[in-house]
Amino acid sequence: MSNLLAAPRDRQSPPAVYRRFSQVAWGVLAYNMLVVLWGAFVRATGSGAGCGNRWPLCNGVIVPHAPRIETIIEFTHRATSGLALVSVAALCLWAFRLFPRGHRARSGAALSVVFLFVEALLGAGLVLFQYVAHNASAGRAAYLSAHLVNTQILLAMLTLTAWFGSDPVSRPWHAAPRLVVAALPVAIVVAVSGAIAALGETLFPAASVASGMRQEFSQTASALLRLRVVHPVLAIVGGAMLLAAAVTAMRSGRVPAVRMGNILAALVFLQLAAGALNIALLAPVWMQILHLLLADLLWVALVVMTLESGR
């Protein structure tokens, strides 16, 4: 009799529910990546001051009336960011209802909420401290770097939530090879240098590749221009390390790790090619967004490869 009474509760959480949770979590991750890309579009188009220096209000009102294009771009980013917060919070609540205490999907979802909340505060700070539009201060570069690091951690936590969330019991996981783990901070450093380079390209556009190089090596060049030179070097060195990490993962012989190693290697080559094209085309907005999309995909692939290498 007790078994019969327990049967309905067992049927409420079949394996399909966990697969569905994982699929939704991947969807939430994809949506947050789109929000990140739109944030880059705000920066690349100089629309960060579209709502003035007011937050969360936009030019003193909840919904702007007869807005300029810059206001529409910035307000859209705020609205989509708000939806991102709602989606991650809902995912966290679902994780706590679905999984037992101590499950890694719970931890990943809870940390996703924390880092998304920090993300919102950092975004507000950009507006309130006026680190937008044509501000070329060192403070903006430092703040933007912190914002980028938090974004990468947020995407990593959402990736962990989706990956661990496909099983009712936490997957056994052991430390991945050292080279694979070491590639994580390297990828973040390269991404930070890329964010600073993109800011320099937005604030100090060049008429040609040659004139851009003259700008960077001029004695009166801004610190942002000088740092712009560093990114291609770091990208090549970091790309080599990521390829070495991919080879290390593939040597494990495990099918998921080999597959992710191949994906990561392909993304590294695509990203390096996109970086070269970005320089040749003088960093148009669409190319900056594509470059960032590849960087985010590469980061997620690296996190998944690290997880698969530690199983």
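Numbering of residues begins at 1 and proceeds along the displayed sequence. Treat the numbers as computed from the prediction; the structure is a model and nothing was measured.
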If I take atom CG from residue Leu160 and atom CG from residue Leu155, how far apart are they, to the nearest 0.5 angstrom? 11.5 Å
Validation row: [X], [Y] side chains within 4.5 angstrom (heavy atoms):
X: Arg97; Y: Leu93; answer: no
X: Phe75; Y: Pro67; answer: no
X: Phe115; Y: Leu158; answer: no
X: Thr202; Y: Gln288; answer: yes

Would you say the side-chain atoms of [X] pair up with the backbone N or O of [Y], donor to acceptor, closer than 3.5 Å?
X: Arg19; Y: Ser166; answer: no
X: Tyr131; Y: Ala142; answer: no
X: Tyr18; Y: Phe99; answer: no
X: Thr161; Y: Gly108; answer: yes
X: Ser137; Y: Arg140; answer: yes
X: Asn32; Y: Ala84; answer: no

Just do the side-chain contact (heavy atoms from CB on, under 4.5 Å) check on Arg78 and Val127 with the steps written out, would you? CA-CA 11 Å; Arg78 294 189 184 190; Val127 174; 3.6 Å; yes
Among side-chain atoms of Glu70 and Thr45, is any donor-acceptor pair under 3.5 angstrom? no
Quick one: list whatever passes side-chain contact (heavy atoms from CB on, under 4.5 Å) with Leu184, sequence neighbours left out. Trp299, Leu302, Val303, Thr306
Given the rule that I, L, V, M, F, W and Y join up when any side-chain heavy atoms are under 4.5 Å apart, are Val132 and Phe204 in one cluster? no
Show the atom names and distances, to 0.1 Å, of all donor-acceptor pairs under 3.5 Å that link a side chain in residues 21-29 to residues at least two apart or in another chain.
| unit_1 | atom_1 | unit_2 | atom_2 | d |
| --- | --- | --- | --- | --- |
| Ser22 | OG | Trp26 | NE1 | 3.4 |
| Ser22 | OG | Ala162 | O | 2.7 |

Derivation and outcome, side-chain contact (heavy atoms from CB on, under 4.5 Å), residues Gln152 and Asp296: CA-CA 8 Å; Gln152 298 297 85; Asp296 287 343; 3.6 Å; yes
Would you mind listing the cluster partners of Val247? Hydrophobic ones only (ILVMFWY), side-chain contacts under 4.5 Å, chaining allowed. Met250, Val258
Side-chain polar contacts of residues 231-240 - donor-acceptor pairs under 3.5 angstrom, sequence neighbours left out - could you list them?
| unit_1 | atom_1 | unit_2 | atom_2 | d |
| --- | --- | --- | --- | --- |
| His231 | ND1 | Ser193 | OG | 2.8 |
| His231 | ND1 | Gly194 | N | 3.2 |

Listed by chain and number, what are the disulfide bond (SG atoms under 2.5 Å apart) partners of Cys92, not counting sequence neighbours? none
For residues 264-286, tabulate all N or O donor-acceptor pairs below 3.5 Å that involve a side-chain atom, not counting sequence neighbours.
| unit_1 | atom_1 | unit_2 | atom_2 | d |
| --- | --- | --- | --- | --- |
| Gln271 | OE1 | His291 | ND1 | 2.8 |
| Gln271 | NE2 | His291 | O | 3.1 |

Minimum heavy-atom distance between Thr71 and Gly50, given as atom pair plus value: OG1-O, 2.6 Å
